[in-house]
Amino acid sequence: MNKQITIREAVTESDIAAFWEQLHIYFQRDIFPNPEDEDREYFLHDAQYRTDIQKLHDRSKDRCHYLFFYRDGENIGFAMPVIYNTEDGKCFIMEFCVYPKFRGNGTGTTCAGVLLDWAKANGALYAELNCGSNRRLKFWKGVGFVANGVDEWGEPLMILPPKDASPITVEILTDAEDWQFKRLENGFLSEIGEQALTEEQQRLLSQAIRDKKIIFFLARRNSRAVGMCSVARCFSTFACADIGMFDDFYIEPVFRKMGIARKLAQAAQNWCRDNGIASLTVCCAPCDEDMYQTLGFDTRLGATFAHLG
């Protein structure tokens, strides 16, 4: 008996129908077992979720794939990955499931390995996914993934990091609605113990960016935004000129210790110099003082106090 697990893509109408049937069962059983879950209706309603996914499946580039894990003449699970070949080679694993009767004895881990091999053969350089439960976190950690911030909705992310050495560039954010910027901002907030941005907060922040009240700098690894910082400007009567406040300093955990922090800080400092900003200051915890001093914030201005209304 052949125990090898292979991948079989759902192409025929009957295969696609079987894929969606199993996806619905998976959502009901494993993801939204509570009928009162507010997200349940969207994912189980073909007129919405399936329409959105089908558009990803049918597009000519960076397609979503409907895949079955196949062994001994039958499907034992499925996966729904998207490989962004035209961007930075990310394989985003949207869904992954081994059917309950086939779970155990390392079958899930084997299926994950087969999926990653398939992704690599199809041009993927690394992989990423959401991990909203401790069970999923433990499973994917065993495969080699590591926690890496949150997405644009504040949901936890895990990544199997890329191994290629790609250059880092820094640019000023021009699109206030950039989803990658929102992902980084929520990652920053999560790391300091704050909640993800609400829709109203996103609206206010986007307007502040458009009004140039705050300037954001993004560090990119190919097309992926991996870090950011901001400069908020205001007028100082002491300097009789605009001054800047350095904030929102965040780098995705897996991309730290690569010199990105220095590139971001230098870009912000250069921009301030070129735009008549008299000084750039940062408020930080005592444990971060040495880091900021090495990044060029080397003049101590005393303690900072605030009244939070």
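All heavy atoms count here, side chains included; hydrogens, waters and symmetry mates do not. Computed from a predicted structure; not experimentally measured.
A donor and an acceptor atom, one from each side chain of Tyr126 and Arg224, are located under 3.5 Å apart. Side-chain atoms of Ser230 and Asp247 form no donor-acceptor pair, as typed in the model, at a separation below 3.5 Å. Asn34 and Arg40 are not linked by any side-chain donor-acceptor pair at a separation below 3.5 angstrom, with hydrogens and angles left out of the test. Tyr49 and Asp39 are not linked by any side-chain donor-acceptor pair at a separation below 3.5 angstrom, with hydrogens and angles left out of the test. In this model, a donor atom of one side chain and an acceptor atom of the other lie less than 3.5 Å apart for Asp211 and Gln207. With no hydrogens or angles considered, a side-chain donor-acceptor pair links Ser166 and Asp164 at under 3.5 Å.
Taking both residues in full, the closest heavy atoms of Cys111 and Ile76 are given as SG-CD1, 4.0 Å, listed atom of the first, atom of the second, then distance. Nearest approach of Leu218 to Ala225, heavy atoms of both residues: CD1-CB, 4.4 Å. When all heavy atoms of Gly244 and Val231 are compared, the pair lying nearest together is CA-CG1, 4.0 Å. The minimum heavy-atom distance between Leu67 and Pro81, with the atom names listed, is CD1-CG, 3.7 Å.
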| task | Start with the C-alpha distance between Glu171 and Arg220, add both sets of side-chain angles, then the distance that settles salt bridge (Lys or Arg N to Asp or Glu O under 4.0 Å), and finish with yes or no. | result | CA-CA 8 Å; Glu171 62 186 43; Arg220 292 192 184 274; 2.8 Å; yes

| said: side chain to side chain contact (heavy atoms under 4.5 Å, CB included), that's the test. Do Met228 and Glu185 meet it? Break it down for me. | reply: CA-CA 8 Å; Met228 70 173 188; Glu185 185 66 25; 3.0 Å; yes

| query | So Arg50 and Glu21, salt bridge (Lys or Arg N to Asp or Glu O under 4.0 Å) or not? Walk me through it. | reply | CA-CA 12 Å; Arg50 182 165 180 172; Glu21 179 183 6; over 6 Å; no

| message | Between Arg8 and Asp15, does the salt bridge (Lys or Arg N to Asp or Glu O under 4.0 Å) criterion hold? Intermediate values first, please. | response | CA-CA 10 Å; Arg8 188 172 69 85; Asp15 273 348; 2.8 Å; yes

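The distance from atom CD1 of Ile172 to atom NZ of Lys212, rounded to the nearest 0.5 Å, is 8.0 Å. One finds the SG atom of Cys131 at 10.5 Å from the CH2 atom of Trp140 (value rounded to the nearest 0.5 Å). A distance of 10.0 Å separates OG of Ser206 from CG of Asp178, quoted to the nearest 0.5 Å. To the nearest 0.5 Å, atom CG of residue Asn222 and atom CG of residue Leu125 are 8.0 Å apart. Separating the CE atom in Met258 from the NZ atom in Lys263 is a distance of 12.5 Å, to the nearest 0.5 Å. Separating the CD atom in Gln293 from the SG atom in Cys284 is a distance of 8.0 Å, to the nearest 0.5 Å.
For Asp274, the CG atom sits in a packed shell: over 12 heavy atoms of surrounding residues, nucleotides or ligands are nearer than 6.0 Å. Heavy atoms of other residues, nucleotides or ligands lying less than 6.0 angstrom from CH2 of Trp153 number 12 at most. For Glu200, the CD atom is densely surrounded, since the number of other residues' heavy atoms within 6.0 Å is greater than 12. Within a 6.0 Å radius of CZ in Phe238, no more than 12 heavy atoms belonging to other residues, nucleotides or ligands are found. The number of heavy atoms from other shown groups lying within 6.0 Å of CD (Glu13) does not exceed 12. Heavy atoms of other residues, nucleotides or ligands lying less than 6.0 angstrom from CZ of Arg300 number 12 at most. The environment of Glu41 atom CD is sparse: at most 12 non-hydrogen atoms of other residues, nucleotides or ligands sit within 6.0 angstrom.
Within the 3.5 Å criterion, the main-chain N or O of Phe27 finds no donor-acceptor partner in the side chain of Glu95. Judged by distance alone, with hydrogens and angles left aside, the side-chain atoms of Arg262 form a donor-acceptor pair with the main-chain N or O of Thr294 at under 3.5 Å.
Between Arg103 and Asp30 a salt bridge is recorded (basic side-chain N to carboxylate O distance below 4.0 Å). Under 4.0 Å is where a charged nitrogen must lie from a carboxylate oxygen, and between Glu152 and Arg183 no such pair does. With respect to Glu191 and Arg256, a salt bridge is recorded, a charged nitrogen being found less than 4.0 Å from a carboxylate O.
Cluster membership for Tyr292 and Leu264, using ILVMFWY side-chain heavy atoms within less than 4.5 angstrom, is shared. Linking ILVMFWY side-chain heavy atoms closer than 4.5 Å, directly or via other members, places Val170 and Leu184 in two distinct hydrophobic clusters. In the hydrophobic cluster analysis, where Ile, Leu, Val, Met, Phe, Trp and Tyr join through side-chain heavy atoms closer than 4.5 angstrom, Tyr99 is grouped apart from Ile25. No continuous path of hydrophobic side-chain contacts links Phe249 to Leu173 [ILVMFWY only; heavy atoms under 4.5 Å]. Ile277 and Phe216 fall into different hydrophobic clusters, where Ile, Leu, Val, Met, Phe, Trp and Tyr side chains are chained together by heavy-atom contacts under 4.5 Å.
Aromatic ring pairs are classed by plane angle as parallel below 30°, tilted from 30° to 60° and perpendicular above 60°; the pair Trp20 and His24 is perpendicular.
Checking Arg210, Gln202, Arg203 one by one against Glu177, the side chain to side chain contact (heavy atoms under 4.5 Å, CB included) holds for a single residue, Arg210. Put simply, the residue from Ile159, Ile83, Asp151, Asn130 that forms a side chain to side chain contact (heavy atoms under 4.5 Å, CB included) with Phe92 is Asn130.
For Phe19, the ring-ring contact (aromatic ring centres under 6.0 Å, His included) partners two or more places apart in sequence, or in a different chain, are Tyr66, Phe68, Phe78.
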